[in-house]
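Please read the structure below before turning to the comments.
As a basis for the values below, the full set of heavy atoms in this structure was taken, side chains included, without hydrogen atoms, waters or symmetry mates. Read the numbers this way: they start at 1 and go in the same order the structure lists the ligands and their atoms.
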Amino acid sequence: MQHIHCTVSNCYYWDKGNVCLAKEILVTSDEVGARYPDSLDATNMMEVAEEIGSISASSCMATCCKTFVDKSAAQRETKKAPVPKISRQQYEQSKSTGM
Ligand code: SF4
């Protein structure tokens, strides 16, 4: 399993120690992120690959995490979090086993 460090604390997938508990994430360019709806995410990578393919970015400032879901919106269930979230325990286990 990958270990993703993230400081965006109002994201539904964020957890203490600046870790991301999303099972998978989609990072793309700001331009693609703005062009496609929130429903386009890591869970539909076949569609992403067909529609977008791969894209270059000029710097880190031109990239975004498409998997971000505002925590308060997810808690109010006004916005769906499409990617499965792992538990902190699963995260710790995968860290210790390297899987
Ligand atoms: S989904 Fe993206 S924004 Fe949210 S915690 Fe993970 S890396 Fe950060």
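- Given atom 6 (Fe) of ligand 1, the protein heavy atom at minimum distance is Cys20 SG, 2.4 Å.
- Counting backbone and side-chain atoms alike, Cys6 contributes an N/O/S atom closer than 2.8 Å to atom 8 (Fe) of ligand 1.
- Residues Met45 and Leu26 meet the side-chain proximity criterion, which asks for heavy atoms closer than 4.5 Å.
- Among all non-hydrogen protein atoms, the one lying nearest atom 4 (Fe) of ligand 1 is Cys11 SG, 2.3 Å.
- With hydrogens left out, the protein atom closest to atom 2 (Fe) of ligand 1 is Cys65 SG, 2.3 Å, a heavy atom.
- Under a cutoff of 6.0 Å and an axis angle of 45°, Lys66 and Tyr36 do not form a cation-pi pair.
- For the residue pair Trp14 and Asn18, a side-chain donor N or O sits within less than 3.5 Å of a side-chain acceptor on the partner.
- A donor-acceptor contact under 3.5 angstrom links the side chains of Asp41 and Thr67, judged on distance only.
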